[in-house]
Amino acid sequence: MFEEGVDIVPGHDTSSKNNSAGIYDLVILGAGPAGLTAAIYGGRAGLKVLVVEQMLAGGEIANTAWLDNYPGFPDGISGVEFSRLLEKQALRFGAEIVSASVEKVEARGETKRVFTSSKEYTGRTLIIATGTVPRELGVPGEDKLRGRGISFCATCDGPFFRDKKVAVVGGGDSAVEEALYLTRFASHVYIIHRRERFRVAPILQEKAVEHPRVEVYWNSIVKEFAGEQKVEKLLLENVKDANTIELDVDGVFLYVGRIPKSEFIQGIEKDEGGFIVTNEEMKTALPGVYAAGDIRRKYLRQVVTAAADGAIAASMALKHLGGD
Ligand code: NAP
C-alpha cells in the first residue's frame with residue numbers, strides 16, 4: 001500500500017521535456033493495467049510521469065484471483081503477481097506513483113490540475129484510467145451487513161469461508177469466474193442470477209453448471225439480506241412466478257456489474273452510465289485529455305484491451321506534447 005500523498009519513488013527529471021516547477025508531462029489517474037501501461041509507455045518515451053492511485057497498484061486486477069487470458073502467460077498468473085509486475089515495470093521507466101484519492105480535475109486549460117485528498121498535481125497532459133467500482137443491489141440488509149458476510153472480493157475474503165456455504169450474485173464473467181474460485185474453499189456455492197443464462201462464454205457456463213459444488217438459482221433476485229451480526233440468510237424471489245424462498249448462507253459475494261469512477265471530471269462526454277466517450281485514439285473532447293481502460297465506453301473490458309488503451313493514450317499524449 002502506498003503512503004497517502006507521498007511519492008513512493010522519486011521521479012527522474014533528466015529526460016523530461018517539460019519538468020519546470022513540478023509540472024508533469026503526463027499525469028495518469030489510476031494504477032490499473034490501463035494506467036500502468038500508459039506509465040510504461042510514457043516513461044519509456046522520456047516523459048515525466050505521475051500516477052495517482054487511491055488503492056493498490058493493479059486496480060481491479062489486484063482483486064482478481066487468476067488471470068487466465070492475458071497473452072504470454074500460458075498457465076495464467078495470479079492477479080496480485082500480475083499487478084506487482086506491472087508496477088515494477090512502470091517504476092523501472094521512472095514513473096512516480098502516489099497514493100491519493102482524486103477529488104476534482106480542471107482539465108480545460110493547457111495545464112491540467114488534479115486536486116486530490118492530499119495535494120494538487122499539475123500536468124500538461126492527463127490520462128483518466130480510474131476504472132470502476134462494484135455496483136450494489138440497494139436492497140434491505142445490504143448497508144447493515146456490508147463487510148459482515150457481504151463481500152465484493154472473492155480473492156480477499158474467500159478463505160474465510162472454508163467449508164461454509166456462500167452465494168454469488170450476478171451472471172457475468174466476474175460472478176461465474178469468482179464462483180468457481182470460491183469452490184476451493186466453500187462447501188457449497190450458490191449462484192443467484194436474474195436470467196436463465198449467464199453472460200459468459202459457453203465453456204465457462206458449462207464449467208459452472210456442471211461443478212458438483214455449484215448450484216445455480218436462475219431467474220432469481222435477492223430481495224433482502226438477513227442476519228443479526230452477520231449474513232445468515234438471503235431472501236430470493238423468482239422473477240417468473242414471484243415465489244420467494246429463504247437460502248441459508250454464511251457469506252455472499254456481489255458481482256452485479258460495475259460503475260465508472262468518473263464523477264470528478266466534468267466537461268467531457270460520458271454515456272448514460274457515466275463511461276467516458278473517446279475516439280479510437282483515446283481522445284476526449286478536451287485537448288490533451290485521454291481516457292483508457294474500463295472507464296471508457298467500449299465493447300470489451302479486459303486487461304488486454306485496458307493495456308492497449310493505455311499504450312495508445314500515452315502515445316497520443318506524447319504526440320500532443322510534440323514528442324513524436
Ligand atoms: P457485467 O459483465 O456487467 O455483469 C453483471 C452481471 O450482473 C450480469 O449478469 C447482470 O445481469 C447482473 N446484474 C446487473 N445488475 C443487477 C441487479 N441489480 N440485480 C441482479 N443482477 C444484476 O459485470 P462483471 O462480470 O463485473 O464484468 C465487468 C466487465 O469486465 C465485463 O465487460 C466483463 O466481460 C469483464 N471481465 C472479464 C473477465 C475475463 O475475461 N476473464 C473477467 C471479469 C470481468 P444480466 O446478465 O441480466 O444483465
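Both ligands and their constituent atoms are indexed starting at 1 by order of listing. Numbers for residues simply follow the sequence, beginning at 1.
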Handout entry: Backbone or side-chain N or O of G171 under 3.5 Å from ligand 1 N or O
Key = yes

Fill in the blank from the handout: Which of T284, D271, T305, T278 passes side-chain hydrogen bond (donor to acceptor under 3.5 Å, both in side chains) with R296? It is T278

Practice task
May I ask which of E136, K298, R194 has a heavy atom nearer to atom 10 (C) of ligand 1 than the others do?
Solution key: R194

Practice task
Counting heavy atoms only, name the option from R258, R199, E60, Q302 that's nearest to atom 48 (O) of ligand 1.
Solution key: R199

Practice task
With rounding to the nearest 0.5 Å, note down the distance linking NZ in K233 to CG in L247.
Solution key: 9.5 Å

Problem - Between CD1 on residue I295 and NZ on residue K261, distance to nearest 0.5 Å - result: 8.0 Å

Problem - Ring-ring centroid check F198 W218, cutoff 6.0 Å - result: yes

Fill in the blank from the handout: Heavy-atom proximity to atom 33 (C) of ligand 1 ranks first, among D173, T305, V304, for D173

Practice task
Under 4.0 Å from a heavy atom of Y255: give me the atoms of ligand 1 that qualify, with their elements.
Solution key: 6 (C), 7 (O)

Completion exercise
Contacts of D163 meeting side chain to side chain contact (heavy atoms under 4.5 Å, CB included) (sequence neighbours excluded), chain-then-number -> none

Exercise for the section: Given ring-ring contact (aromatic ring centres under 6.0 Å, His included), test F253 with F161 step by step and report yes or no. Expected result: CA-CA 11 Å; F253 292 81; F161 295 95; 5.6 Å; yes

Handout entry: Rounded distance (nearest 0.5 Å) linking atom CZ of F225 with atom CD1 of I150
Key = 4.0 Å

Practice task
Check each atom of ligand 1 against the heavy atoms of R135 and keep those under 4.0 Å away; list them by number with element.
Solution key: 14 (C), 15 (N)

Practice task
Mind telling me whether Y181 and F185 have parallel, tilted or perpendicular rings, with 30° and 60° as the class edges?
Solution key: perpendicular

Problem - Single-linkage hydrophobic cluster, 4.5 Å side-chain cutoff, I127 and V303 together - result: yes

Fill in the blank from the handout: Here the atoms of ligand 1 under 4.0 Å from any heavy atom belonging to R195 are 45 (P), 46 (O), 47 (O)

Handout entry: Hydrophobic cluster membership, V252 vs V216, 4.5 Å side-chain cutoff
Key = no

Exercise for the section: Using a strict cut-off of 4.0 Å, indicate which atoms of ligand 1 neighbour a heavy atom of L137. Expected result: 17 (C), 18 (N), 19 (N)

Handout entry: Residue E177 vicinity, atoms of ligand 1 by number, heavy atom under 4.0 Å
Key = 39 (C), 41 (N), 42 (C)

Problem - Heavy-atom nearest neighbour in the protein, as seen from atom 4 (O) of ligand 1, with distance rounded to 0.1 Å - result: G172 CA, 3.7 Å

Problem - Shortest protein heavy-atom distance from atom 3 (O) of ligand 1, along with the residue and atom involved - result: G257 CA, 3.8 Å

Exercise for the section: Using a 4.0 Å heavy-atom cut-off, say whether F198 meets ligand 1 through its side chain, its backbone, both or neither. Expected result: neither

Fill in the blank from the handout: For atom 35 (C) of ligand 1, the closest protein heavy atom turns out to be R301 O, 3.0 Å

Fill in the blank from the handout: Restricting to heavy atoms, the pick from N69, T64, V256 nearest atom 7 (O) of ligand 1 would be V256

Handout entry: Min heavy-atom dist R197 to ligand 1 below 4.0 Å
Key = no

Completion exercise
The closest protein heavy-atom partner of atom 44 (C) of ligand 1 is S174 OG, 3.4 Å

